[in-house]
Amino acid sequence: MSQPPGPLRPDQQQEIVRQIGAVLTAQVPPGWQQLRVEHRAAGRHVETELLVTGPDGLPRPAQPHPEAVRLLGVLRSGMYQPGLGTWLGAIFVFAPAQPPDVDFVRPDLEPPFRQQPPPIGFQDELRFFPRADEHIPGWLRERAGLTPPVAGGEVRTPRIYDGVDASGKPLVRRRPLVPAEIERVLAYLDAAPVILASRSNGPDAFAPDRTDAVPMNFRTDGAWAWPGAVAYYLREHGVPPDPDLVAHIRARRFTAPSDVPEPAKDLALAAITGEQPQTTV
């Protein structure tokens, strides 16, 4: 596939959905109550799952007919909109004597792939179905290995804690992390590239007797820049990171980039130091 085919009219889209239902209906035994098809794709990576609810009311997996899979691909290609792309995930539900129910995964949400496509799959997706930069969601940009855009040319920095009390003790007014997320958040914080290293450590604000404990290095993922204190306080004292940073990490599926482009690193350093990033004329 080198370029998307011409767009399908709404009535043509409905006809293809009808054909998909007809192909699937022909392959299942009589008495079925519902057919549920989940289709996910990124470039040449395709996943199609079929659940057949039989007369006993129990859903059972079945292998979808190859023609149904082909028609799903035709529908996806035919629904491409220039600059906007096409859907990567959809669920189709068929029931006897009822119109089909179709639900397309929102473009800002990553489809729940059973097997994660390689980066080339997402790169092919953007090559087969080109999108304007503003219509590439963050998760797709990351999966394809593209440079993350920085809104307004800024990189965010987190609050380490939420102020101090009258005695100077740090205050934490945040919802604690779910225990299962702690190690995943720590792994993200520790995996992002270092942009400012230091051989010395700083004092622990929660344990004043630890005068040489808190790492003074800084890391970035291109959108946020944070000091080593963020991971340290989570690991040593259970202090959750800035809620906005946590939400960002969750949105990235806890997967930090292994590298960040130099311009993004410059912006991150500027956010830390307060200096203007260097520009090349």
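- Of the possible donor and acceptor atoms, one in the side chain of Thr220 sits under 3.5 Å from a partner among the backbone N and O of Trp224.
- Side-chain contact of Gln116 with Glu110: a donor-acceptor pair under 3.5 Å is present, judged by distance alone.
- Of the charged side-chain nitrogens involved, at least one lies within less than 4.0 Å of a carboxylate oxygen, so that Arg235 and Asp190 count as a salt-bridged pair.
- In terms of modelled atom types and a separation under 3.5 Å, the side chain of Gln34 and the main chain of Ala95 share no donor-acceptor contact.
- Contact annotation: the side chain of Pro59 never approaches that of Val52 to less than 4.5 Å [non-hydrogen atoms, C-beta and beyond].
- Under a 4.0 Å N-O distance rule, the pair Glu262/Lys265 qualifies as a salt bridge.
- Counting only heavy atoms from C-beta outward, the side chains of Asp212 and Pro203 never approach each other to under 4.5 Å.
- Listed here is the closest heavy atom pair of Val105 and Leu109: CG1-O, 3.7 Å.
- Heavy atoms of other residues, nucleotides or ligands lying less than 6.0 angstrom from CD of Glu134 number more than 12.
- Remark: the backbone N or O of Gly54 is paired with a side-chain donor or acceptor of Gln33 at under 3.5 angstrom.
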Under the side-chain contact (heavy atoms from CB on, under 4.5 Å) rule, what do Tyr188 and Thr255 come out as? Steps first, then yes or no, please.
CA-CA 6 Å; Tyr188 188 100; Thr255 303; 5.5 Å; no
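- Connection of Val28 to Leu71 is established within a shared hydrophobic cluster, with ILVMFWY side chains joined at heavy-atom distances below 4.5 Å, either directly or through further cluster members.
- Val37 and Val69 fall into different hydrophobic clusters, where Ile, Leu, Val, Met, Phe, Trp and Tyr residues are linked whenever their side-chain heavy atoms come under 4.5 Å apart, directly or through other members.
- Checked by atom type and distance alone, the side chain of Tyr161 never pairs as donor or acceptor with a backbone atom of Asp242 at under 3.5 Å.
- The shortest non-hydrogen separation linking Gly21 to Phe94 is CA-CE2, 3.5 Å.
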List the steps, then state whether side-chain contact (heavy atoms from CB on, under 4.5 Å) holds for Leu234 with Leu186.
CA-CA 8 Å; Leu234 174 58; Leu186 283 170; 3.6 Å; yes
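- Salt bridge annotation for Asp162-Arg173: absent, with no cationic side-chain nitrogen under 4.0 angstrom from a carboxylate oxygen.
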Could you check Arg175 against Val246 for side-chain contact (heavy atoms from CB on, under 4.5 Å), going step by step and ending with a plain yes or no?
CA-CA 11 Å; Arg175 186 186 299 274; Val246 173; over 6 Å; no
Test Glu181 against Arg184 for salt bridge (Lys or Arg N to Asp or Glu O under 4.0 Å), laying out the working first.
CA-CA 5 Å; Glu181 285 187 330; Arg184 301 180 74 187; over 6 Å; no
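- Hydrophobic cluster membership differs between Leu245 and Phe218, with clusters built from Ile, Leu, Val, Met, Phe, Trp and Tyr side chains linked at under 4.5 angstrom.
- Looking at Glu15, its side chain never comes within 3.5 Å of a backbone N or O of Gln12 through a donor-acceptor pair.
- Remark: side-chain polar atoms of Glu38 are not paired, donor with acceptor, to backbone N or O of Ile91 under 3.5 angstrom.
- Cluster annotation: Leu51 is not connected to Leu35 through the hydrophobic network of ILVMFWY side chains, with a link wherever side-chain heavy atoms come within less than 4.5 Å.
- The two atoms that bring Ala223 and Val155 nearest to each other are O-CG1, 3.4 Å, heavy atoms only.
- In terms of heavy-atom proximity, His237 sits nearest to Asp204 at NE2-OD2, 2.7 Å.
- At least one side-chain heavy atom of Val185 sits under 4.5 Å from a side-chain heavy atom of Phe254.
- No side-chain donor-acceptor contact under 3.5 Å links Asn201 and Tyr232.
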side-chain contact (heavy atoms from CB on, under 4.5 Å) between Val239 and Phe206: does it pass, once the steps are laid out?
CA-CA 10 Å; Val239 177; Phe206 292 86; 3.8 Å; yes
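- Val93 places none of its side-chain heavy atoms less than 4.5 Å from the side chain of Pro100.
- Using a 4.5 Å heavy-atom threshold, the side chains of Leu196 and Asn217 count as separate.
- No donor-acceptor pair closer than 3.5 Å links the side chain of Arg36 to the backbone N or O of Thr53.
- Residues Ile136 and Phe113 share a single hydrophobic cluster, defined by chaining ILVMFWY side chains whose heavy atoms lie under 4.5 Å apart.
- In this structure, Thr25 and Trp32 have side chains that are in contact, with non-hydrogen atoms separated by less than 4.5 Å.
- Considering every non-hydrogen atom in both Pro30 and Pro55, the closest pair reads O-CG, 4.2 Å.
- Counting heavy atoms from C-beta on, the side chains of Arg76 and Phe129 come closer than 4.5 Å.
- Between the Gln27 side chain and the Gln63 main chain, a donor and an acceptor come within less than 3.5 Å of each other.
- Considering only heavy atoms from C-beta on, Trp87 comes within 4.5 Å of Leu75 through its side chain.
- Contact record, Val17 with Phe92: CG2-CE2, 4.1 Å, taken as the closest heavy-atom pair.
- A salt bridge does not link Asp221 to Arg156: none of the charged side-chain nitrogens sits closer than 4.0 Å to a carboxylate oxygen.
- Checked against a 6.0 Å centroid threshold, the rings of Phe122 and His45 do not count as neighbours.
- With sequence neighbours excluded, the residues that form a salt bridge (charged side-chain N to carboxylate O under 4.0 Å, His left out) with Glu49 are Arg40, Arg114.
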